[in-house]
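Since the structure comes first, as structure tokens, the remarks are kept for the end.
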Amino acid sequence: MTSLYHRYALHIADALAALVAAGDLPPGLDTSAVTVEPPRDPTHGDLSTNAAMVLAKPAGMKPRDIAMALAQKLARLPEVETAEVAGPGFLNLRLRAGEWQDELRAILTAKTEYGRSTMGAGRPVNVEYVSANPTGPMHMGHCRGAVVGDALASLMAFAGFAVTREYYINDAGGQVDTLARSAHLRYREALGATIEIPEGLYPGDYLVPVGQALAAEFGDTYVAAPETEWLVLFRTRTVALMMELIRADLALLGIRQDVFFAESSLGDAVQAALDDLAAKELIYEGVLEAPKGEGHDDWEPRPQTLFRASDFGDDSDRALKKSDGSWTYFAGDVAYHYNKLRRGFVDLVDLFGADHGGYVKRMQAAVKALSGGSVNLDVKIVQMVRLFRSGEPVKMSKRSGSFVTLADVVREVGKDVVRFIMLTKKSDSQLDFDFAKVVEQSRDNPVFYVQYAHARIRSVERRAATAGMVLPEPDLTLLDAEELGLVRFAAQWPRIVEAAAATREPHRIAFYLGDLAAAFHSLWNRGNDDASRRLVIEDNAALTAARLALARGVGHVIASGLAVMGVEPAEELH
RNA sequence: GCGCCCGUAGCUCAGCUGGAUAGAGCGCGGGACUUCUAAUCCUGAGGCCGCUGGUUCGAGUCCAGCCGGGCGCGCCA
């Protein structure tokens, strides 16, 4: 299905081609900057194009002259009521009511599929998100990245990309050794030892059942054994259990990723990726300069194996090997992204926490180098969430293990609320999450506000049904101008999908749904002042049928948007 | 010192990737309920879009330089 805006973009392209053919415009113009949009001020019409202004300079003509010629062509289209030139050279189109009635029919036919786009043309895109270290359950620090990444993946899939959702398991560093040692303590505890958790090990209770599982499996075999005998074994077992925990947490949010890629599975792939870079002469042994500023007093110049990241826009070259000869985390990540390239992805998206912002350039440099510049890595930075309870900050201390887990939050306020709220801001700005506010039933809670609109739509449908009304096929010509205005708003959904997918900003959906809900609530309230303007008019089945069709159409768009966000539309609210 | 992100109404934030008179919610002033059609809606006041230059027919949006805030800065992950 082509969207209304695409159809008019084609009409405009046709008209421009006709003008070129007639010699009214020079050939070979670049029309890529031509847009078709709803004007900000609805009194200007239904659609607006900047074609004349964009083409004026390359064509060597006055914008208004181009606009006039274009207006003449477009005014001949049967669906166009008026085509007017305005301002510096805008061309405003007003469409016949039938065009909006048709669009509502299209919504009713497509239902929640309305808005699906072919923009992505099936391009394979990899979206990597969460990638939390497998050292414990997910807490609120991970939650936002999980939701934003998942919604972004859904959004891009809806926009026609072939999306793979991926999780990178950091199971090869020192943190998982620490995890294994912490589990060993709990293992001894399970076997009756009195333990004290030293500084630097993970204190969380979630390791208690892990210790019990290890005790059940191994008995007292490793209680007094030296670390070398149990470390690898305990690490493997514990990481597997932690990943079960994490998958369960993700499931609570409705997230199911396609690929879980373990750092530990890279093996020789690290060397292979680095060989690729070496073949391009991008690896060398060298000494980095000390960073300026404070906190680097203990700097000692040291020869290292380095990647020429600075050739690709990074600030410095980057180390690939530690002084003990093992790979750095970066080297593994280079190999991992090399693996993604070899799987055929042409677009990569990574979601990073804000504290990893400094890591973006080197990763992009690596992808640029490995792909020869043909693959783009887009990194979305996800900022912190601050938790509040009725305005009071919630204290969290990771050291004592008393952090707020994702599971706790989902249990308290529900998956849909968590997901929606996480998408109510641009991902790169800080977000405040107040347990009291997010469940409040009021205008300033966007989750409620949007859900309430959807519930109201369901409510009137039920009302017509329980009133025993027999509704005819809707005659959409019965809808008045204000009602068609709501269709106009709903018809923007396909544009919103494409804009949000192109910019990779899923929060735009939440804002759009809020606006759509507001438009619906506003229409609904007309019925308070004037009962004849209610949606359900019990003694007028024809009018009711038309108005319910409108409501249903809006409901489909809300449900479609919520589906992309991973939120269930509410049937009713209590 | 360098890099990245951010400065928009009193507060919290949008601003459709350069368009027409900069928007919304909260808060403040005024109004509309026999409610599963008031958990809502209508209306009013409130802005040197941090500052200064530049690019452009046109800048909150792009560029440069300042000012202010956050994050990061050789082997951690």
No-hydrogen, no-angle side-chain donor-acceptor test under 3.5 Å, [X] and [Y]:
X	Y	result
Y284(A)	D317(A)	yes
Y329(A)	N170(A)	yes
T135(A)	Q175(A)	no

Out of [options], whichever nucleotide has its closest atom nearest the side chain of [X]:
X	options	result
D428(A)	rU37(B), rC6(B), rA77(B)	rC6(B)
N528(A)	rA14(B), rC41(B), rU37(B)	rU37(B)
N525(A)	rC36(B), rC76(B), rU40(B)	rU40(B)
K361(A)	rC4(B), rC5(B), rG74(B)	rC4(B)
V460(A)	rC36(B), rU37(B), rG74(B)	rU37(B)

Under 6.0 Å from the ring centre and within 45 degrees of the ring axis: does the NZ or CZ of R318(A) meet both conditions for the six-membered ring of F307(A)?
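No.
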Quickly work out the [X] [atom1] to [N] [atom2] distance and round it to whole Å.
X	N	atom1	atom2	value
L516(A)	rU40(B)	CG	C1'	16 Å
M363(A)	rC4(B)	CE	P	19 Å
N133(A)	rA77(B)	CG	C1'	5 Å
M242(A)	rA77(B)	CE	P	19 Å
D530(A)	rC42(B)	CG	C1'	15 Å
L523(A)	rA32(B)	CG	P	22 Å
R64(A)	rC57(B)	CZ	C1'	13 Å
F388(A)	rU12(B)	CZ	P	11 Å

Sort out the partner of [N] for me: Watson-Crick or G-U wobble, both distances under 3.5 Å, none otherwise.
N	answer
rC11(B)	rG25(B)
rG18(B)	none
rC41(B)	rG31(B)
rG46(B)	none
rC73(B)	rG1(B)
rC62(B)	rG54(B)

Assuming nearest nucleotide by heavy-atom distance, tell me which of T424(A) and E289(A) is located more 5' along RNA chain B.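 The answer here is T424(A).
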Quick one: on RNA chain B, does L306(A) or H356(A) contact a more 5' nucleotide (nearest heavy atom)?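 Taking each residue's closest nucleotide, the earlier one in sequence belongs to L306(A).
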Euclidean distance for [atom1], [N] against [M] (whole angstrom):
N	M	atom1	answer
rG7(B)	rG69(B)	C1'	8 Å
rG47(B)	rA22(B)	P	13 Å
rC71(B)	rG30(B)	P	43 Å
rG25(B)	rA45(B)	P	14 Å
rA59(B)	rG53(B)	C1'	13 Å
rC2(B)	rU8(B)	C1'	29 Å
rC62(B)	rU21(B)	C1'	23 Å
rC11(B)	rC49(B)	P	15 Å

For [X], which contact category applies under a 4.0 Å heavy-atom criterion: base, sugar-phosphate, or nothing?
X	result
L535(A)	base
E300(A)	base
V536(A)	base
F448(A)	base
G174(A)	sugar-phosphate
Q383(A)	nothing
S442(A)	sugar-phosphate

Does OP1 or OP2 of [N] have a side-chain N or O of [X] closer than 4.0 Å?
X	N	result
Y449(A)	rC41(B)	yes
K322(A)	rA77(B)	yes
S522(A)	rC42(B)	yes

Per-nt protein contacts along nucleotides 15-28 of chain B (heavy atom under 4.0 Å; B base, S backbone sugar-phosphate only, - none) come out as SBS-BB----SS--
| query | So, does H142(A) use its side chain to make a donor-acceptor pair with the main chain of H139(A) at under 3.5 Å? | reply |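 Yes.
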query = Do any N or O atoms from the side chain of D434(A) and from the backbone of S390(A) form a donor-acceptor pair under 3.5 angstrom?
reply =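 Yes; at least one donor-acceptor contact below 3.5 Å.
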Note to self: Is it the case that atom CD in E392(A) sees more than 12 heavy atoms from other parts of the structure closer than 6.0 Å?
What the structure shows: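 Not more than 12 within 6.0 Å, no.
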query: Is the count of non-hydrogen atoms from other residues, nucleotides or ligands lying under 6.0 Å from M469(A) atom CE greater than 12?
result: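 Counting neighbours around CE of M469(A), more than 12 heavy atoms of other residues, nucleotides or ligands fall under 6.0 Å, so yes.
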- request: Measure the acute angle between the ring planes of Y359(A) and H356(A), then classify it against the limits of 30° and 60° as parallel, tilted or perpendicular.
  value: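 If you compare the ring of Y359(A) with that of H356(A), the planes turn out perpendicular.
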*asked:* Can you classify the ring geometry of Y512(A) versus F489(A) as parallel (below 30°), tilted (30 to 60°) or perpendicular (above 60°)?
replied: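 Correct class here is parallel.
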Aromatic ring proximity F433(A)/F435(A), centre distance under 6.0 Å
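Between F433(A) and F435(A), the centre distance is under 6.0 Å.
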